[in-house]
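In what follows, every chain begins at residue 1, and chains take the letters A, B, ... in the order their sequences are listed.
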Amino acid sequence: MYVEDPIYYHKSEYIQTASGNKVSRKSVLCGSQNIQLSGRSIIKPGVILRGDLALLRIGKYVIVGEDTVLRPPYKKYRGGFAFFPMAIGDYVTIGDKTVVNAALIGSYVDIGDNCIICKRCVIKDNCRILPGTILPPDTVVPPFTVFGGTPGRCLGELPESVQFVHKERANAYYRRFVPQQKSSRAARGT
Amino acid sequence: MIYSDGYAEGEPRVEFRTDVDDGGGQGAGTGTGRLFPLEELYFCDACSLVCSRYGLTEEIDSYYCPHCLENMPSSEAMLYLNRCSKCFECPICFNTLTITAAHDGKCFFSCQFCRWSSGEIQLEAEKPDMLVAAAFQKERDSPHRTEMNKLVETFRKASQEITRERELQARMRRRSITLFLPATSGEGSKRGSKSGGGAHPWVVEDLENMLKDKKTKLKTMSIRTTTKKGVRIESISLKDLIAPSDEKARSIAEQLKSLDETPTDTIASLDQRTRCINEEAHTLSGLIPSRKPLLTKRSRRCRQCTRYVVKPQINPCSTPPFQKQNIAWLYVPRVLLVHPNPNEIGVGRVMSVSFAMYNPVESNTTARFAADAYNRNISEGEEEEDRDNNSSSSNPFGYTMDVLTEPFETVIGPHNELQDVHEGLIEEDSAAVPTDDNPEIITERKGNKIMVCLRVKPHDDSAGKEATFGIPVELSFKDRTMKEHNTHIHLVFTLGIISGASE
């Protein structure tokens, strides 16, 4: 792990809420009345949050990467189909270009880039999904495990400290994600 | 198995060397130890020792299914052969199967990923419970399993018989030794045997014969003598394969050619066959769903004081997940490296390395850095010899850099849990930490963080090698219960690859 430099963003490109959420103006929030952000979360450009389908509850220190889609899961019945609410815990990092249809994502979870989390998956606390994983429908990811591959399979276990590692990672990312100051802009020649 | 991403060669990183007997109290092992990131280390608060998983013993507390998360005691897990009694895996892609009802009301297993269905192997039932029972029965009825069970039973009986005989012999030997005790106590056994008395039958020849017998027995039990000899694998030359000269070559060539005609997409892979070992199926159509293997909840104990270091909750999904969780992350300062410039790492070039240290405990931590402990001190005469053999006594770990900074001691401020929540609102209590730092070494200090700068120089003969150096650090701190701890850690820094050019 390194002491990393700040990640700058243009203040005009993000909306910062009173609770510290930083939401990109280039993201698409469908049915915003059904989207709950607890605070200090970052929604990057190109993200689509489908609050119009069902309730979307997102915890604190959740980082959603670029071009990612969060879509509540559904279930087909004989008479039709119904959408279920999606809940995401605290200190969760979701990578770029990932599609999430899970019913539940616990806290201290790390999901890599280019993943597909199919409908009604349950990802418990303290686990990791490697980049490029496809989790088939109704998959359960138990705590302290690493899932990867196509279809996603348990590849190993995580050490007991993973809760603190993922918490620190999400925390550090939020700290580093700062608006670009005039001086730093001038130094970069922008 | 702990999952690890691993490191590329020369990737800048900081690791901790554990299980090494360097005289500093880490006597969990000998030799050069192993390198671990801080995330994989533990701290025994009873003996103030930082250790890896190899310095701890593991015990399985409970088993649970990774899909239905139902936990079971070890006796029940044994009964079900360490597999879940309800959840089944797809024999093709190993995804968990779901039970689906068809239009005619029959239930069958279906895979949501590869669309495999148990209807293909005529595994269907009226109700989901009956389907699970049918799959279970299919597994039990496997002829290979029945045969294996018979073998296991026979061997178990034979083993019991051998154990019984051994015990009987041992008892007899003990009895005879007790009987012969007077003979060994100076009476002389030969006299006894000559006299033909049953009380003293022991002679030296008897003992020699006994040892000889034992030797012959051992010889006959040797695997080498019992292994079948003369097993030969059929081989064929490329010339014979193309144009077989004799009958034997012709038959082997025909067998090999027939393999080409088998459609490869219907052959089961090795992974699929090992997962479905009862069936020994060669084709995909012969595979049947297998039950999901169970995962374990394990507690860890210190090897030295045998106290718990990690004790999980029995339920796999409980919050918090541990009853006791003494991980090094909560006691040992976290070290973050400032990414070094790879162009600066060159033979004969002095460079500075900066890193940050974060104190995780709620008290001051005193850190004593023995910075030059593993510098290669080579006198003129020894130089050639030590260059040939890099493992000199001063550098047992083969580091390729010397630390030019003198040993130093510093205090790292306490961690404040509210620091993250109320960032910038809490005034750092700078008075708690002395400020007589050497500004060339401790370049910055804020809350529970210090920035350290060291000067290092690669060895003259280390071009093309990984740039590494190690520093033993002695830590003193108090935990939440105000118990004082003195522990040793061994930091290992890897900066990159040393270039040969020097300026």
K.L.:
If I measure from the heavy atoms of chain B, does D5(A) come under 4.5 Å with its side chain, its backbone, both, or neither?
P.N.:
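Looking at D5(A), nothing touches chain B.
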
K.L.:
Checking heavy atoms, do the side chain of L295(B), its backbone, both or neither come under 4.5 Å from chain A?
P.N.:
side chain

K.L.:
Need one label for R300(B): side chain, backbone, both or neither, based on atoms under 4.5 Å from any heavy atom in chain A.
P.N.:
side chain

K.L.:
List the atom pairs, donor and acceptor, that lie under 3.5 Å between side-chain atoms in residues 91-98 of chain B and the rest of the protein, sequence neighbours left out.
P.N.:
unit_1: T96(B); atom_1: OG1; unit_2: K292(B); atom_2: NZ; d: 3.3
unit_1: T98(B); atom_1: OG1; unit_2: S110(B); atom_2: O; d: 3.2
unit_1: T98(B); atom_1: OG1; unit_2: Q112(B); atom_2: NE2; d: 3.3

K.L.:
If I take atom CZ from residue F164(A) and atom CZ from residue R334(B), how far apart are they, to the nearest 0.5 angstrom?
P.N.:
12.0 Å

K.L.:
List the atom pairs, donor and acceptor, that lie under 3.5 Å between side-chain atoms in residues 101-114 of chain A and the rest of the protein, sequence neighbours left out.
P.N.:
unit_1: S107(A); atom_1: OG; unit_2: D90(A); atom_2: N; d: 3.1
unit_1: D110(A); atom_1: OD2; unit_2: R169(A); atom_2: NH1; d: 2.7
unit_1: D113(A); atom_1: OD1; unit_2: D96(A); atom_2: N; d: 2.9

K.L.:
Ignoring hydrogens, what is the shortest heavy-atom contact between T296(B) and E157(A)? Give both atom names and the distance.
P.N.:
O-OE2, 4.4 Å

K.L.:
Sort P321(B) into side chain, backbone, both or neither according to what part of it lies under 4.5 angstrom from a heavy atom of chain A.
P.N.:
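P321(B) touches chain A through side-chain heavy atoms alone.
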
K.L.:
Got a sec: does the NZ of K86(B) have more than 12 other heavy atoms crowding it under 6.0 Å?
P.N.:
no

K.L.:
Rounded to the nearest 0.5 Å, what separation is found between the CG atom of L330(B) and the CD atom of E160(A)?
P.N.:
11.5 Å

K.L.:
Supply the atom-to-atom distance F144(A) CZ to R298(B) CZ, rounded to the nearest 0.5 angstrom.
P.N.:
11.5 Å

K.L.:
Rounded to the nearest 0.5 Å, what separates atom OG in S161(A) from atom CD in Q325(B)?
P.N.:
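If I round to the nearest 0.5 Å, the distance is 8.0 Å.
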
K.L.:
Side chain, backbone, both or neither: which part of Y42(B) has a non-hydrogen atom closer than 4.5 Å to chain A?
P.N.:
side chain

K.L.:
Does R176(A) have more than 12 heavy atoms from other residues, nucleotides or ligands lying within 6.0 Å of its CZ?
P.N.:
yes

K.L.:
Is S354(B) close to chain A through its backbone or its side chain, or both, or neither, when contacts mean heavy atoms under 4.5 Å?
P.N.:
neither

K.L.:
Need one label for L135(A): side chain, backbone, both or neither, based on atoms under 4.5 Å from any heavy atom in chain B.
P.N.:
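Neither part.
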
K.L.:
Picking from T150(A), L155(A), V140(A), which has the most non-hydrogen pairs under 4.5 angstrom with chain B?
P.N.:
V140(A)

K.L.:
Should the heavy atoms of other residues, nucleotides or ligands under 6.0 Å from NZ of K26(A) be counted, would the total exceed 12?
P.N.:
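Open: at most 12 neighbouring heavy atoms sit under 6.0 Å from NZ of K26(A).
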
K.L.:
Are E39(B) and E168(A) close enough, and set up right, to give a side-chain contact (heavy atoms from CB on, under 4.5 Å), and what steps lead you there?
P.N.:
CA-CA 12 Å; E39(B) 297 93 278; E168(A) 181 53 37; over 6 Å; no

K.L.:
Between NZ of K167(A) and CH2 of W329(B), what distance do you get to the nearest 0.5 Å?
P.N.:
11.0 Å

K.L.:
Around K44(A), counting heavy atoms of other residues, nucleotides and ligands shown, do more than 12 lie under 6.0 Å from its NZ?
P.N.:
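Yes, enclosed.
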
K.L.:
Taking atom CZ as the centre, does R480(B) end up with more than 12 heavy-atom neighbours from other residues, nucleotides or ligands that are less than 6.0 angstrom away?
P.N.:
no

K.L.:
If you count heavy-atom pairs under 4.5 Å between each of P143(A), G156(A), P151(A) and chain B, which one has the most?
P.N.:
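Of the options given, most contacts go to P151(A).
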
